[in-house]
Amino acid sequence: MPAIGGLLVGLMARYGSPKIKGHGIPEAMEAVLTSDSRISARVAIWKPISTVVAIGSGGPFGAEGPIIQTGGALGSLLGQKVSMTASERKVLLACGAAGGMAAIFGTPLAGVILAIELLLFEFRARSFIPLVIATAVATTLRHALIGDGPLFAMDAVSFGLPWNAPAYIVFAVLIGFVAVGFSKLLFLVEDGFDALPIGEVWRPALGGLGLGLIGLIAPQVLGVGYDLITGILNNHFAVTALLSIAVFKTAALLVSLGSGTSGGLLAPMFMTGAALGALFAVCMNALLPGAPLEPAAFALVGMAALFAAASRATFALIVFAFEITRNYDAILPLMLVCVIATGVGILFMRTTIMTEKLARRGLRVHQDFEVDPLERADIGSVMETQPLRIREDARLDSIAPLLGMSKQASAHCDALVVVDADEALVGILTRSDVLRAQTEHIDNSLTAGVLCTRNPVVAFPDETVREAVHRLLYHDIGRLPVVARHDKTRLVGYIDRAAVIAAHRRGMREDGIQLSANP
């Protein structure tokens with residue numbers, strides 16, 4: 001049956017859309033990065049169908065990755081039908097993805113954060129407000145149609161902090177290495193299937209055949225397995241069963257997903273992480289008699305930490321695990337384990353399980369959220385407070401030396417601020433203005449007031465340097481006179497490209513980034 005399902009998915013990928021292969025999130029990220037957030041209607045149609053076929057025929061997948069891609073495709077299609085910018089369309093795509101995840105799992109907060117961490121790469125009001133509305137509506141509909149209980153009901157459990165903190169730290173390091181190994185092994189399996197001398201249509205069928213063979217040994221790993229996750233979180237399985245789930249669920253996922261079929265990563269990684277967490281607690285209790293480690297507690301943090309370390313969507317997974325269990329006592333151990341495991345992943349993986357495919361295609365995904373140094377600096381702190389200025393009645397033959405355009409040059413700058421007799425701002429005179437005048441006119445009696453650009457674009461000292469950069473780029477100019485807000489003719493400074501670079505350099509020093517002459 002899994003082989004038949006794989007063959008059907010292969011045919012859908014061949015004649016429907018190749019974008020349906022895989023777990024869906026990298027494809028949604030690629031649309032944001034390369035296609036102005038445009039996803040074709042074929043993806044919206046074939047992705048859910050292929051996922052239903054893959055899971056229904058025994059695939060060990062979850063619905064979260066496909067629903068993120070499908071919801072994102074629906075949001076993108078709406079954005080393509082309505083006139084809007086690429087940034088606005090990206091927000092709609094993210095709203096569809098976050099709303100789909102919230103509807104599947106009943107996790108509105110995690111849906112918002114996951115969309116921010118994996119799709120938007122920004123945290124701004126223009127995207128945050130629509131995301132919250134989308135997930136709130138989706139979760140409300142879920143409650144009306146399915147119910148409002150937690151996805152994984154969990155009995156009361158003691159997490160044992162602070163006494164069990166060392167055990168959580170050790171487990172965090174171990175699960176971090178598991179995440180690294182899992183990610184690398186998945187792409188190794190994918191490369192192996194790609195190297196096979198058979199058509200792409202047949203690879204998911206071959207993967208399905210391997211999945212069926214695994215299912216003969218461990219049939220419990222077939223399908224989504226939400227009931228198994230609930231059982232692990234409530235200590236319903238013995239050690240042998242936990243070991244079987246951890247090993248065979250991982251093998252099933254690697255073989256089937258690596259072959260190019262359609263399905264989500266989150267649920268199977270949850271199951272593996274939960275089984276490993278419970279196994280760790282049981283083993284530690286056996287090695288250290290009297291150790292008060294609760295298997296259910298480690299199962300919960302393990303299922304979140306494995307995916308967090310592999311994807312680096314750490315904040316989303318902390319909130320996600322809390323929302324699906326609604327156990328507030330889990331927050332501290334979740335934070336501790338997920339963050340340490342993610343740190344291990346960062347140390348030993350340049351990419352993530354979400355971005356490796358994109359990196360191989362030459363795309364770079366910047367997932368760090370950081371404040372631009374130009375946003376931290378105001379213009380008043382970097383501007384030249386005593387810019388070189390000339391009177392508006394200055395003649396052409398006296399201006400050229402100031403700009404380094406004659407043998408008698410006394411200075412070298414690109415522009416001069418032109419002021420009147422009362423030191424009020426008149427305009428900006430550039431080297432280009434003077435060169436044009438020298439080329440077109442012989443008359444050296446022309447004055448700065450005639451040659452300069454009057455009513456120039458200005459900046460204010462309390463604005464950020466980023467605002468000044470936007471103005472420079474929009475008007476395609478290289479410098480801005482800085483004036484007082486209450487009087488736009490009162491010159492207080494001058495900012496140019498050199499000042500912008502100085503502001504950026506200062507921000508790098510504040511962040512401890514070493515400047516080097518070599519790349």
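The first residue of the sequence shown is numbered 1, and numbering continues consecutively from there.
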Atom [atom1] of [X] with >12 non-hydrogen neighbours under 6.0 angstrom:
X      : atom1 : answer
Arg42  : CZ    : no
Met335 : CE    : no
Arg14  : CZ    : no
Phe322 : CZ    : yes

Do the side chains of [Y] and [X] get nearer than 4.5 Å, heavy atoms only?
X      : Y      : value
Val482 : Val458 : no
Arg490 : Leu425 : no
Ile340 : Ile169 : yes
Val301 : Cys338 : no
Ser76  : Lys90  : no
Thr351 : Phe187 : no
Thr453 : Leu429 : no

_Verdict with supporting geometry, Leu253 and Phe182, side-chain contact (heavy atoms from CB on, under 4.5 Å)_ = CA-CA 10 Å; Leu253 179 62; Phe182 181 91; 3.3 Å; yes
_Minimal non-hydrogen separation, Val9 against Ile20, with atom names_ = O-CD1, 4.1 Å
*Six-ring centre of Phe460, Arg485 cation under 6.0 angstrom, axis tolerance 45°*: yes
*asked:* Distance alone, cut at 3.5 Å: any donor-acceptor contact between the side chains of Arg506 and Ser381?
replied: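 Result is yes, a qualifying pair exists.
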Report yes or no: does [X] contribute a side-chain atom to a donor-acceptor pair with the main-chain N or O of [Y] at less than 3.5 Å?
X      : Y      : result
Arg142 : Ala102 : no
Glu200 : Gly10  : no
Asp487 : Ala484 : no
Ser398 : Ala394 : no
Glu88  : Thr85  : yes
Thr430 : Asp433 : yes

_Phe270-Phe307 aromatic ring centre distance below 6.0 Å_ =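 No, too far apart.
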*Do Phe152 and Phe105 have ring centres separated by under 6.0 Å?*
no
*Under the side-chain hydrogen bond (donor to acceptor under 3.5 Å, both in side chains) criterion, do Ser262 and Thr51 qualify, and how do the steps go?*
CA-CA 5 Å; Ser262 177; Thr51 302; 3.1 Å; yes
*SB check Arg454 Glu392 (cutoff 4.0 Å)*: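 Answer for the salt bridge query: yes.
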*Are Arg471 and Glu463 ion-paired here, with the side-chain N under 4.0 Å from a carboxylate O?*
yes
*asked:* Is there a salt bridge (Lys or Arg N to Asp or Glu O under 4.0 Å) between Asp194 and Arg203? Walk through the geometry before answering.
replied: CA-CA 8 Å; Asp194 290 340; Arg203 291 171 189 168; 3.5 Å; yes
